[in-house]
Amino acid sequence: MKSVTVIGLGPMGQAMAGAYLDGGYEVTVWNRTPARADELVARGARRAETVEAALTANELVVLSLIDYDAMDAVLAQAPEAALAGRTLVNLTSDTPDRARQAVAWLAGRGAVQISGGVQVPPPGIGTPEAMTYYSGPEDVIEKYRPALEVLTGIEYLGEDPGLAALYYQIGIDMFWTALAGYLHGQAVAEANGISAQDFLPHAVRTMDLRYFLEFYAPRITAGDHAGDVDRISMGVASLEHVLRTAQASGVDGSLPAAVLEVFRQGVTAGHGQDSLTSLVGVLRRR
């Protein structure tokens, strides 16, 4: 019978274990708080009483933890021999360097790591459009492809175990920054009597950045920062208006002020008449 262990039963781990149960897998689960496994056990999962039992139950082990410090703390609860012969699908978020360090540490104990970065929230697990970044040994990923595809599609990036974490963190950088902008704008809207629901269609149009991404990406790649369409100096003026509007609405202005400061640094660096894409270089020099 197909089998897998899932360690870490937060919302993502719960969704993954559930997807495996739905896919006919024999699933062993472990979580620091045992009660989080109750619903899964009721559906047929096996609760491991120890980390060692969870690791040794199956050759394939999926990790869904908050960071690599948490992973270290969990794995420290089992003897190193419990890792021998295991393949750990590490879907834990952390830096590329931590992913690379973990691969070396696990290899010294006879285990193989596949690094991953899931690109959907928990409700997206098992849906057709869901994808996960993977990096690491391609032959191992291919060996376990059917099990990995129970969760999401596979976007393989290469052998470097840090690549999945790098791509994931780049995406999350954009994600949190964009959502913070949305929440700040909505705070201004609500301060002026406009509900989130009323502003929703306008927010959706504004946050659809595909046109701009597809326009700017080739220019950034080519190093073309001509100010023929936009200029940083124009952005400074615009952000000053945003900041004053927020302050006049009684809304904290620290978020647009931080963005404004980056634009002003671009002007100071001599890019006032260049496109905002020149800020990539300004940010890289920090």
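Just so it is clear, the structure is predicted and the values come from calculations on it, not from any experiment.
Residues P256 and L243 share a closest heavy-atom pair of CG-CD1, 4.2 Å. Of all heavy-atom pairs between F263 and I232, the closest is O-CG2, 3.3 Å. Between S135 and L163 the shortest heavy-atom distance is OG-N, 3.6 Å. Listed here is the closest heavy atom pair of Y68 and D94: N-OD2, 2.9 Å. Residues A99 and Q113 come closest through the heavy atom pair O-NE2, 3.4 Å. Residues G162 and P96 approach most closely at O-CB, 3.5 Å, considering heavy atoms.
Hydrophobic clustering (side-chain heavy atoms under 4.5 Å, transitive across Ile, Leu, Val, Met, Phe, Trp, Tyr) groups V280 together with V282. Cluster annotation: V89 is connected to V29 through the hydrophobic network of ILVMFWY side chains, with a link wherever side-chain heavy atoms come within less than 4.5 Å. With hydrophobic clusters built from ILVMFWY side chains whose heavy atoms lie under 4.5 angstrom apart, W105 does not share a cluster with V140. Note on I114 and V4: same hydrophobic cluster, where clusters join Ile, Leu, Val, Met, Phe, Trp and Tyr whose side-chain heavy atoms are under 4.5 Å apart, directly or indirectly. Under the 4.5 Å side-chain heavy-atom criterion for ILVMFWY residues, a single connected hydrophobic cluster contains both L55 and L65.
Atom CG of L200 and atom CZ of R205 lie 10.0 Å apart (nearest 0.5 Å). In this structure, the separation between CG on L148 and CG on L91 is 8.0 Å, given to the nearest 0.5 Å. Interatomic distance, L255 CG to L260 CG, rounded to the nearest 0.5 Å: 11.5 Å. To the nearest 0.5 Å, atom CZ of residue F175 and atom CD of residue Q119 are 12.5 Å apart. How far OH of Y216 is from CG of L276: 4.0 Å, rounded to the nearest 0.5 Å. The CD1 atom of I154 sits 7.0 Å away from the OG1 atom of T152 when rounded to the nearest 0.5 Å.
When atom types are taken as modelled, the side chain of K2 and the backbone of P146 share no donor-acceptor pair closer than 3.5 angstrom. At least one donor-acceptor pair under 3.5 Å links the side chain of S275 to the backbone N or O of T277. Between the T28 side chain and the T5 main chain, no donor and acceptor come within less than 3.5 Å of each other. Side-chain atoms of S238 never come within 3.5 Å of backbone atoms of M234 as a donor-acceptor pair (strictly under, hydrogens ignored). Remark: the backbone N or O of A147 is paired with a side-chain donor or acceptor of Y20 at under 3.5 angstrom. No donor-acceptor distance shorter than 3.5 angstrom exists from the side chain of D230 to the backbone of G235, with no hydrogens or angles considered. With hydrogens and angles ignored, the 3.5 Å screen pairs a side-chain donor or acceptor of N31 with a backbone N or O of T33. Formation of a donor-acceptor pair under 3.5 Å by the R43 side chain with backbone atoms of E39 is not found in this model.
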So L83 and L75, side-chain contact (heavy atoms from CB on, under 4.5 Å) or not? Walk me through it.
CA-CA 9 Å; L83 290 165; L75 296 183; 4.2 Å; yes
Determine, step by step, whether D97 and R100 satisfy the side-chain contact (heavy atoms from CB on, under 4.5 Å) criterion, reporting the C-alpha distance in whole Å, the side-chain angles of both residues, the deciding distance to 0.1 Å, and the verdict.
CA-CA 5 Å; D97 284 345; R100 297 181 184 112; 3.1 Å; yes
Assess the residue pair M12 and I125 against the criterion (side-chain contact (heavy atoms from CB on, under 4.5 Å)); give the C-alpha distance rounded to whole Å, side-chain angles, the decisive distance to 0.1 Å, and a yes or no.
CA-CA 8 Å; M12 186 64 79; I125 295 298; 3.7 Å; yes
Run the numbers on S64 and Q14 for side chain to side chain donor-acceptor pair (under 3.5 Å), then give the verdict.
CA-CA 9 Å; S64 180; Q14 293 263 356; over 6 Å; no
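No side-chain heavy atom of Q265 sits under 4.5 Å from any side-chain heavy atom of L279. For the pair L151/T132, no side-chain contact is recorded, criterion being any heavy-atom separation below 4.5 Å from C-beta on. Residues V74 and I7 are in side-chain contact: their nearest non-hydrogen atoms beyond the backbone lie under 4.5 Å apart. Counting only heavy atoms from C-beta outward, the side chains of D72 and R98 approach each other to under 4.5 Å. Inter-residue side-chain proximity for L166 and Y133 is flagged as unmet; no heavy-atom pair is nearer than 4.5 Å. Using a 4.5 Å heavy-atom cutoff, the side chains of R264 and E240 are in contact. Taking the side chain as every heavy atom from C-beta outward, R219 and H225 never approach each other to under 4.5 Å. Residues V259 and L239 have side chains in contact (heavy-atom distance under 4.5 Å, counting atoms from C-beta outward).
With a 6.0 Å radius and a threshold of 12 heavy atoms from other residues, nucleotides or ligands, E214 has its CD atom above the threshold. For M207, the CE atom sits in a packed shell: over 12 heavy atoms of surrounding residues, nucleotides or ligands are nearer than 6.0 Å. More than 12 heavy atoms of other residues, nucleotides or ligands sit less than 6.0 Å from atom CZ of R145. Annotation: R46, atom CZ; neighbour count of heavy atoms from other residues, nucleotides and ligands within 6.0 Å does not exceed 12. No more than 12 heavy atoms of other residues, nucleotides or ligands lie within 6.0 Å of OH in Y167, so this atom counts as exposed by the packing criterion.
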Could you go through residues 179-191 and list every donor-acceptor pair under 3.5 Å that involves a side-chain atom there, pairing it with any protein atom two or more places apart or in another chain?
from	atom 1	to	atom 2	distance (Å)
H184	NE2	D252	O	2.7
Q186	NE2	I194	O	3.2

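Between Y211 and F215, the ring planes lie parallel to each other; the angle is under 30°, not in the 30° to 60° tilted range.
For the residue pair Y25 and N58, no side-chain donor N or O sits within less than 3.5 Å of a side-chain acceptor on the partner. A donor-acceptor contact under 3.5 angstrom links the side chains of Q169 and S93, judged on distance only. Looking at T92 and N90, their side chains do bring a donor and an acceptor atom within 3.5 Å of each other.
R86 pairs with exactly one of L60, T56, L106 by the side chain to side chain contact (heavy atoms under 4.5 Å, CB included) rule, that one being T56.
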